[in-house]
Amino acid sequence: MTMIFGYPLPALLSQLLIGLINGSFYAMLSLGLAVIFGMLRVINFAHGAQYMLGAFFAWFLLRYFEVGYWPSLILAPLGVALISVVLEKVFLSRVYKLDHLYGLLLTFGLALIIEGMFRHWYGTSGQPYSIPSVFTGALNLGFMILPIYRGWVIVASLVICLATWLLIEKTQFGAYLRAATENPTLVQSFGVNVPRLLTLTYALGAGLAALAGVLAAPIYQVSPLMGQNIIIVVFAVVVIGGMGSILGAVVTGYMLGLVEGLTKVFYPEASSTVIFVIMVVVLLLRPAGLFGKE
Amino acid sequence: MATQTAATAVAPAPEAKGTSTRTIALAIVGLLILLAAPFVIYPVFVMKVLCFALFAAAFNLLLGYVGLLSFGHAAFFGGAAYICAYSIKAWNFPPEIAILAGTLFAAALGAVIGYLAIRRQGIYFAMITLALSQMFFFVCLQAPFTGGEDGIQGVPRGKLLGFIDLGDSLAMYYFVAAVFLFGFLAIWRIVNSPFGNILKAIRENEQRAISLGYRVDHYKLGAFVISAALTGLAGAVKAIVFQLASLTDVGWQMSGEVILMTLLGGIGTLVGPVAGAALVVSLENYLATSSFPVPVVIGTIFVACVLMFRRGIVGEINAFLDRKK
Amino acid sequence: MTEPLLEVKGLQAWYGESHVLHGVDLTVHKGETVTLLGRNGAGKTTTLKSIIGVIRKRQGQISLKGTNILPLPLHHVAKRGLGYVPEERGIFASLDVHENLMLPPKVAEGGFSLDEIYTLFPNLAERRRSQGTKLSGGEQQMLAIARILRTGADVLLLDEPTEGLAPVIVQRIGDVIRALKEKGMTILLVEQNFRFARRVADRFYVMEDGHMIDSFRADELAGRMDSLHETLGL
């Protein structure tokens, strides 16, 4: 058997694969956080809750309406985006003029409410969501076995990140977003409905979180706690990458997932803390973050 | 930009020079309540309130007077609780030394976390403190001496200074009350000292404080360490009162709770966090017997505070009294 | 004279707590170029900002083509044909020249086509893929004006278009403004550069301390030079 640094190659590769999967979720979630933050200047603490809602949406659709994975991939993000439109209009839009800390506290409160309700209804144990039949089974790549669904998640997340990047960098909607990030009043004076742009941006970010949630449902279980377990790590990812750049958020997400995977091989005790350790190192060496501009 | 800082949003009226009769009257009433409480209310409950009141007041020193929102204060509270509980159980430390050990540990941890977090501002500061305290949570979860999911249970209360038996609930109560009073007065002194004035200047306008030649980072770090130490004091005492140190004390939910207590009571007011702690602890006690989910209630209060009364209860009362003047 | 296109009556405005405009009246007719004169801090820029609605704390009446636009949300004002070029020009750093140009949505038919704009401003055509803030001050000013021309707005609010620019560029801006007049545009201009203003304006208003203190036509200018010297410190 091939060995690398004294570890069998297949074990190493399978941990790297798990790392890449986690990285895909970090990337998608920090991307959504960065999109929302860029425009609204709000750190969306409810991002984890929206990710969880996406997974539950898919689970509901399957369980009660026999709507499968593929439609859920569209319906769940749409549903969560709609809920988020309401959240933005009723709550968030009232704190834009205040210190940004209030946005954090408000969304923290919303996250507690949403997650608390689901926890009340479904407890802490997860609900299984089976892998869609096209994706069952595994591919033998020769050097490792790749479960097909996991391969799909990696591809899908890459496509999602790329599409979001294109939307923001190459479309008129994206130009509005970028311009309004710099000077919302001027953009509005040109006749662009900036308040609606803010709502749409929040819905877009939340929809991305929900989409990640649907992708996650067959891998992790659908649990009320799935969001709060991941969101703090994603915050660390965002501190490491800096929120100035979309691409930065995505690259940092994948990278940290891989690092976490490697840590599981070489020093498993540190795998839950390694991202925080990296955050400490980055803060010491480059406080603005890897891709930060401040 | 029409932004306001969290603290100036609730801008407390500049504290009156000297002590007004109102303040003295309030202080006397407060002291009487403190002394009489265990005869009226279940002492363990009051002790819990006092521990959290000190926790919230220490947290508010940072948020209300320097404008820094720490989302990781549970690390100091729970960390000190672990050290205190462990040193009593494993090394037979007397309670006063164990509490001191816990407090010093929290101060040291505060120095490390504070040093890292003050490198960024605003929401990044909040996210960094949250992430670092979560890291500390994982360390506590895995470290052998914390007892993992079970925590450190059955911590003996011991004899204070060798002769006061804290097993007696009244003795325990008055000790906790004394610690609370010490912490509260310390915060009051700090806030009204030259050091406190510089902190407030940083809160109002950091750039100006820098241009006036203050080494703002030193002051921020100083305030952070003091806040962490007093938080640790509260956590250590709590570990003795409940004879328990557990993961609950270091989790992010605990950091959220202390924010809520401060926000609800009134950011940047001295008495606000105490009132907020009393309310939140009472509410949780009440909810514990119902089937209503606690996080939903806590979350709802958060949302209501942020949207409707950012000055908090005490802040609103102060504003009302000022208007009447 | 034709109907007034823009008519401001008793306009008051506040920056936070401070009261900046104390009842400003002004009228701009179709096809006119009107210049607001006054020293720094007289309230000229505030007047423009209050008309477009970037400053929200206002009282009074601002009628544009017969509708009071003061109560409208900011993004509804541009749709009625009002184009605003702010003093700081407002070129977006994260957008390139072309994106900056295409940013404001069209509000009416009859705006300049891209070809017309690139003919009028050949520099911009050359630098269309440059980042907005890499442009020189003059180019940024051209871009700020060009971007409004594309939208079809027919009433333009120009805030100090010549500020900080070299004389030869000021000349170019003057040519552009005259070209716009020929196209029938209505222009309300704030200007510190009196020599520039007298070349393009049909009428003048003079402001001091948030009040209008004088108004006159271009042909009355000669008789006002002494008082202008005093109020403007020329």
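We name chains A, B, ... by the order of the sequence lines, and we start the count at 1 in each one. The basis for the numbers below is simple: all heavy atoms, side chains too, and nothing from hydrogens, waters or symmetry mates.
- For the set A126(B), A131(B), G256(B), G122(B), the count of heavy-atom pairs under 4.5 angstrom toward chain A peaks at A131(B).
- Atom CD1 of residue I232(A) and atom OG of residue S133(B) lie 7.0 Å apart, to the nearest 0.5 angstrom.
- Formation of a donor-acceptor pair under 3.5 Å by the R94(A) side chain with backbone atoms of L307(B) is not found in this model.
- Taking the side chain as every heavy atom from C-beta outward, F302(B) and I113(A) never approach each other to under 4.5 Å.
- A tilted orientation is assigned to the rings of W252(B) and F45(A), their planes being inclined by 30° to 60°.
- Interface residue M117(A): backbone and side-chain heavy atoms are both found under 4.5 Å from chain B.
- If you measure heavy-atom distances from F108(A) to chain B, the contacts under 4.5 Å come from the side chain alone.
- Between Y124(B) and V238(A), the shortest heavy-atom contact is CE2-O, 4.5 Å.
- Two residues are said to be in side-chain contact when any heavy atoms from C-beta on lie closer than 4.5 Å; R41(A) and I123(B) fail this criterion.
- Residues V296(B) and L112(A) are not in side-chain contact: their nearest non-hydrogen atoms beyond the backbone lie 4.5 Å or more apart.
- Closest of all the heavy-atom pairs between P293(B) and G116(A) is CB-O, 4.1 Å.
- Annotation: the span from L260(B) atom CG to L105(A) atom CG amounts to 9.5 Å, rounded to 0.5 Å.
- Note on Q228(A), R119(A), E269(A): by heavy-atom pairs under 4.5 Å with chain B, the leading option is Q228(A).
- Proximity to chain B involves both the backbone and the side chain of V277(A), based on heavy atoms less than 4.5 angstrom apart.
- Taken to the nearest 0.5 Å, the CD atom of Q142(B) stands 7.0 Å off from the OG atom of S271(A).
- Environment of CZ in F309(B): crowded, with over 12 heavy atoms of neighbouring residues, nucleotides or ligands closer than 6.0 Å.
- No part of F125(B) comes within reach of chain A, as not one of its non-hydrogen atoms sits under 4.5 angstrom from that chain.
- For chain B, the nearby part of L104(A) is the side chain; its heavy atoms alone come within less than 4.5 Å.
- With rounding to the nearest 0.5 Å, the separation of CE in M127(B) from CD1 in I231(A) is 10.0 Å.
- Within a 6.0 Å radius of OH in Y220(A), more than 12 heavy atoms belonging to other residues, nucleotides or ligands are found.
- In this structure, CZ in F137(B) is found 12.5 Å from OG1 in T273(A), a value given to the nearest 0.5 Å.
- Summarising the geometry of R120(B) relative to V239(A), their closest heavy-atom pair is NH1-O, 4.1 Å, with the distance given to 0.1 Å.
- Side-chain atoms of R310(B) and L98(A), non-hydrogen and from C-beta on, do get closer than 4.5 Å to each other.
- R119(B) places a side-chain N or O within donor-acceptor distance of the main-chain N or O of L283(A), the cut-off being under 3.5 Å.
- A centroid separation of 6.0 Å or more is found between the aromatic rings of F276(A) and F136(B).
- Within the 4.5 angstrom heavy-atom criterion, atoms from both the backbone and the side chain of L116(B) approach chain A.
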